[in-house]
> 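Sharing a structure here in structure tokens format.
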Amino acid sequence: MILLKYDSRSVREPIIAKTAIETETLLNIIKASVGARQGEIIIEVEDAKADEVMEKLRAFGVEAVKIEGRIEKDDELCVHCGACISICPVEVFSVADDKKVVADSQKCIRCGVCVTVCPLSALSLPE
Amino acid sequence: MKTVKTVDEINQKIKEGSANVVTALEMKDVVAELGAEKAAEEVDVVTTGTFGAMCSSGVFFNFGHSDPPIKMQRVWLNDVEAYTGVAAVDAYLGVTQLSETRGMEYGGGHVIEDLVRGREVELRATAYGTDCYPRKEIVTEIGLEDVNQAVMVNPRNAYQRYRAATNSSDRVLRTYMGTLLPNFGNVTFAGVGELSPLNNDPEYRTIGVGTRIFLGGAKGYVIGEGTQHAPPFGTLMVKGNLKEMSAEWLRGATFPGYGTTLFVGIGIPIPILDAKIAEATGITDDKIETSIIDFGVPRRDRPVVKKVTYAELKSGKVEINGEEVRVSPLSSYYHSIKIAEELKKMIEKAEFFLSMPVERIPQKEVFKPLRHKEVKVVKSVMEKAIAIRETTSVQDASQIIITNNVNHLPVVDNEGVLIGIVTSWDIAKAVATGKTGSVSEIMTRKVITALPDEPIEVAARKMEQHSISALPVVDTKRHVIGLVTSEDLSKLLVG
Ligand code: SF4
Ligand code: SF4
């Protein structure tokens, strides 16, 4: 996954589409928060293409950094209530045989919703 | 019904180490296998457990006297205020009270967990000063061992069952039932069904005033039916000594956007006195019914979306309107099982004895709504809406606004169905930027509306949330029948 930060200079350009076409890569937009003067977008690309895509984006004046961390659950804090289960769009959380709530972090797409939902603040996304 | 044994006989067996104790989960199999009669002879005690957010909980403290003494009129523990309308240095800290400096992130529930973990908290108190209590202010650090008493008294715990929640509206709702995603995006439910204490004794024969229980890791007691007790949605009022409790079974928590609470662990042992009680403790989730209600409708009587059993809820998926919806529990099944097992061990080691109630709690009770003045609905305050068509020119619209002295013009199609809205501000902007076409170019198409029978508080909250000052009132087919403005409402709500 790649985090893009851009400001008013590049905000008008259809940079994502241009990048996709010019690098012939499929880009999946995971999250976008677009403000009046600046914005942040998280995209997913296949690993082999990541460097090329980032180079292209930087050429458009966009700050691009790789993000690798997926959801982390602190088992000291977690009470296994399950509030996170139905919230996650990609079903990262489930109840194991021993009735503990477990996270299959590999599936996480860093949408961030679960972090704001957990009553024990047991979930975090590493920067 | 033939009594097989008495509580005294069971306690004797516990003392001798020969009592047969099983958890409610194990009991399902025993009853299924042996039948209730035989199970009643075999099993002496069934342990139950529940671990969930219990908002109606708190602790009575007696802080002891300072020198010179103070009649603590207001008290804060780590900036969370406790109730002091009792004697001089007594106070009650409720788990949902929020910190005055940290807001929802920290509240009464967290203070209680901190104290149980052995952490010190800041005690701050103010008073008006009297001849016997001259001091007017004090700030100090205290730990649990410093206070004279810390008695947990929870007015409403251990809900037998609870209504599950979903959300038909188009926005995310932050509720005491957790976060509810829009358009029936998820379902949440509380309670642990077949493991929950009251479901295993639905006639409240052995659970009543004086029943000894496991509360937060220590021995506690049922002191009566809880507030809002309405069988089969029964509740219990319980007490216990906080100084003996453990943070493993008391956890401060925050429901984001709603507030703070405390996860409380409760376990209740049920003496198997006869076959009827044995049968009751054999209850399974598929026999425990509740309903899913729609929090998208912000009224007291929220519509029931469908009836379900705890078995369906626990499966993790339910069907709503032909679609599979994912379900989140909110109580911890994992910790509930642990509590039932922990209690079983305590009884087996003769550390915990059973007690019969000295008084039974009501088996029937209705839960009355709050008596308050009639509910004012939008219909009674709305004004006439002046609707225009989307072909109306900006020029004409501005004339209409001026001659009628209004700020909002709903835009309708030829059947009177709402398709947009323009405000005097939209018009002013259009004129200023030289846009002279029709209003269809400048109108807002996603219109927030009100229904005629909606309480005015609901309409007011919509305006506040969306930072708007008026809502077109529409019928179920979205025909515009009026307009309600924040001015109309503020006259009523403030006055
Ligand atoms: S919501 Fe938080 S406490 Fe509950 S199961 Fe998920 S991670 Fe654990
Ligand atoms: S961040 Fe999003 S995708 Fe990752 S676990 Fe949380 S809810 Fe699921």
Side-chain angles (χ1 to χ4, degrees), chain A residues 12 29-37 40 42 70-127, chain B residues 25 51-53 104-106 109-110 113 164-166 172 174 176-181 184-190 192 195 247-265 313-318 324-338:
Chain A
R12 286 169 217 282
I29 299 181
I30 302 291
K31 192 169 134 186
S33 50
V34 182
R37 309 223 175 283
E40 272 190 25
I42 294 177
R70 317 236 170 195
I71 198 72
E72 284 177 6
K73 181 155 90 68
D74 183 336
D75 281 322
E76 291 281 301
L77 293 176
C78 173
V79 293
H80 308 285
C81 68
C84 49
I85 295 176
S86 67
I87 289 291
C88 172
V90 291
E91 306 195 23
V92 164
F93 305 99
S94 61
V95 180
D97 288 342
D98 64 357
K99 308 297 175 196
K100 278 189 177 172
V101 173
V102 291
D104 179 2
S105 301
Q106 278 317 305
K107 292 200 266 178
C108 171
I109 55 165
R110 282 189 72 100
C111 75
V113 206
C114 63
V115 177
T116 66
V117 161
C118 173
L120 277 297
S121 304
L123 298 170
S124 59
L125 282 169
E127 280 298 315
Chain B
L25 291 188
F51 188 77
M104 276 191 202
E105 166 194 323
Y106 190 89
H110 298 94
E113 181 184 336
T166 191
V172 174
R174 306 275 189 179
Y176 61 84
M177 290 298 287
T179 301
L180 299 172
L181 302 174
F184 301 110
N186 66 340
V187 168
T188 63
F189 75 100
V192 286
L195 193 53
E248 194 180 352
W249 311 116
L250 293 176
R251 297 291 301 278
T254 297
F255 277 112
Y258 176 74
T260 65
T261 185
L262 185 72
F263 273 76
V264 179
L313 291 170
K314 283 190 194 170
S315 77
K317 299 213 158 92
V318 295
E324 209 171 63
V325 179
R326 278 191 297 146
V327 182
S328 269
L330 298 173
S331 306
S332 173
Y333 200 46
Y334 173 73
H335 283 295
S336 304
I337 297 172
K338 261 176 81 176

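So you know, we letter chains A, B, ... as the sequences are listed, proteins then strands, and number each from 1.
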> Please state whether the side chain, the backbone, both or neither of B/Ser331 comes within less than 4.5 Å of a heavy atom of chain A.
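Only the backbone of B/Ser331 comes within 4.5 Å of chain A.
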> Chain A heavy atoms under 4.5 Å from B/Leu330: which part of the residue, side chain, backbone, both or neither?
both
> Which region of A/Cys88, side chain (C-beta onward) or backbone (N, CA, C, O), has a non-hydrogen atom less than 4.5 Å from a non-hydrogen atom of chain B, or is it both or neither?
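For A/Cys88, the contact with chain B is made by the backbone alone.
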> With a 4.5 Å heavy-atom cut-off, do A/Ile29 and A/Ile42 have their side chains touching?
no
> Can you check whether A/Cys84 reaches A/Val101 side chain to side chain, under 4.5 Å on heavy atoms?
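Answer yes - side chains close enough.
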> Using side-chain heavy atoms (C-beta onward) and a distance below 4.5 Å, is A/Val79 in contact with B/Phe51?
yes
> Taking side chain as everything from C-beta outward and backbone as N, CA, C, O, which of these in B/Leu180 sits under 4.5 Å from a heavy atom of chain A? Side chain, backbone, both or neither.
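Neither part, no heavy atoms under 4.5 Å.
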> Checking heavy atoms, do the side chain of B/Tyr258, its backbone, both or neither come under 4.5 Å from chain A?
neither
> Going from OG on A/Ser105 to CD1 on A/Ile71, what distance comes out if it is rounded to the nearest 0.5 angstrom?
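That separation rounds to 7.5 Å.
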> Check the angle between the aromatic planes of B/Tyr334 and A/His80 and answer parallel, tilted or perpendicular using the 30° and 60° thresholds.
perpendicular
> Let's test your reading of the structure: which of B/Leu181, B/Thr261, B/Val187 forms the most heavy-atom pairs below 4.5 Å with chain A?
B/Leu181
> Out of A/Leu77, A/Val113, A/Val95, which one racks up the most heavy-atom pairs below 4.5 Å with chain B?
A/Leu77
> Describe, in one word, how the ring planes of B/Phe255 and B/Phe263 are oriented to each other, choosing from parallel (under 30°), tilted (30 to 60°) and perpendicular (over 60°).
tilted
